[in-house]
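Below, each value reflects all heavy atoms present in this structure, side chains not excepted, and no hydrogens, waters or symmetry copies.
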Amino acid sequence: MNPTVTPAPGLLLPTADLPPSFKWGVATSSYQIEGAVAEDGRTPSIWDTFCRVPGAVVGGDNGDVACDHYHRMPQDVALIKSLGVDTYRFSVAWPRVQPGGKGPANEAGLAFYDRLTDELLAQGIDPWVTLYHWDLPQELEEAGGWPNRDTAYRFADYSMLVFDRLSDRVDNWTTLNEPWCSAWLGYFVGVHAPGRKNFGDAMAAVHHLLLGHGLATQRMRAAAPREMKFGITLNMGTADPATDTQADRDAARRADGMGTRIYLDPLRKGQYPADMVEDLAARGTAFPVQDGDLEIISTPFEVLGVNFYFGQDFSGTDEQGNSTDADGLPVVRAILPPGPRTAMDWPITADRFTRLLVRLSRDYPGLPMVITENGAAFDDTADAEGNVADEDRTAYLAAHIAAVADAREQGADVRGYFAWSLMDNFEWAEGYAKRFGIVHVDYNTQVRTPKQSALWFRDTISRVRGD
């Protein structure tokens, strides 16, 4: 690793509002990096199944090997240590710990996360556990998946298997990662596992994901051997009207409701937004709320994980000027704002990141936040040694860390920033075609090489800490 990296002009950060206590980390998820999908008792997840659907994943790729992290974990922890971070956010594979989604724990599966936790602590790195990052056991999907209420109870049982094993050493617990993706992309749009396309199923999944979060949080807190931090991670952007017309303002309201408020309102206020309940009724559906559910969902928690990639504008008319779609429903059309884009064709909107964090702090006060994912895919070019001079990614990180500092200056209680992702990995429906890592992975040899962005990130952390 190069001993130092000089930031390009414009990449020096306003770090006055990032104290030495600010958490710095990198993040991954189990299915994207572990591989070993049929080893040591692990059974298939919905992503193992989805990857076998022709045309579902670019290139027909799958996570069978991924980054082979299951076999290379100690070296990967040493890599994390070399980046100077203090926290590693990883997820636990449900079908590795509890094959089939029910019954006792699989000792071999738990033992892997046992070793990972010990390895991190030995290196002075805080383990930040995410209990669910989309790898639902296939058997539970066949029993109804997240639209089935029973899945919430199965999730709470599974969570306790992990908690009972690791709670003597782990202090930070996240229940779910991005329930919007699980519900919307998995059960309505169908571009993520399990690939269903039913709006009513998606809304039932929203409710049961939140119920599972509340049930697991209650049980873990009751069993906690000391003070711990429990939370949930949501992916959120900004939803702005494309113009000042009423139709566009209403489209932006609907988009914000579906992407942010239907999660945070029940979590923090104990109720779903009234306007969204009305909108669902107009579509002939409703959240399947039972007595006591909202009290469970609104169980207090200590930290909100914020995943941010970009903001969007919204129009209430389609490209032909129609305000309703073929089913007579109001049009909500996303428009990407102008400016530079990443390899995912996502706009780079760091200013909107600041605005989101300030808004969250205002609308849901008293809830500390940690940026649990932020990063970008670009079309990296590696030299013969695997080195990547990713100035575009470095600039992206710099702009978004500066946006966090700006938000803190405006009163947002943001206490950490975790880069997505530690290394190139299986990027869901995009397969291996897109690279988000700050560490390059040669998928043929599994050699890891820190990119320029990783070295810049390391040096920035050191500078903020005053090392």
* To do: Give a yes or no on whether a salt bridge exists between R359 and D256, defined as a side-chain N under 4.0 angstrom from a carboxylate O.
  => yes
* To do: Mind listing the closest non-hydrogen atom pair of P194 and G186 along with its distance?
  => CD-O, 3.4 Å
* To do: For P95 and S45, work out which heavy atoms get closest and say how close.
  => CG-CB, 3.9 Å
* Asked: Name the one of M344, R393, M423 that satisfies side-chain contact (heavy atoms from CB on, under 4.5 Å) with F436?
  -> M344
* Roughly how far apart are L116 CG and I125 CD1, rounded to 0.5 Å? -> 9.5 Å
* May I ask you to say whether R42 pairs ionically with E34, meaning some side-chain N is under 4.0 Å from a carboxylate O? => no
* Compare every heavy atom of A242 with every heavy atom of D248, then report the nearest pair and how far apart it is. => OD2-CB, 3.7 Å
* To do: Identify which one of T175, T299, T174 satisfies the side-chain hydrogen bond (donor to acceptor under 3.5 Å, both in side chains) criterion when paired with H213.
  => T175
* What heavy-atom pair brings A282 and L329 nearest, and what distance separates the two atoms? -> O-CD2, 4.5 Å
* To do: Identify the heavy atoms of F353 and A403 that sit nearest to each other, and give their distance.
  => CD2-CB, 4.0 Å
* Asked: When rounded to the nearest 0.5 angstrom, what is the spacing between OH in Y132 and CG in N177?
  -> 10.0 Å
* State whether D363 and R261 are salt-bridged, where the test is any N-O pair (Lys NZ or Arg NE/NH1/NH2 against Asp/Glu carboxylate O) under 4.0 Å. => no
* salt bridge (charged side-chain N to carboxylate O under 4.0 Å, His left out) assessment of K102 paired with D150 -> CA-CA 11 Å; K102 61 182 178 181; D150 185 62; over 6 Å; no
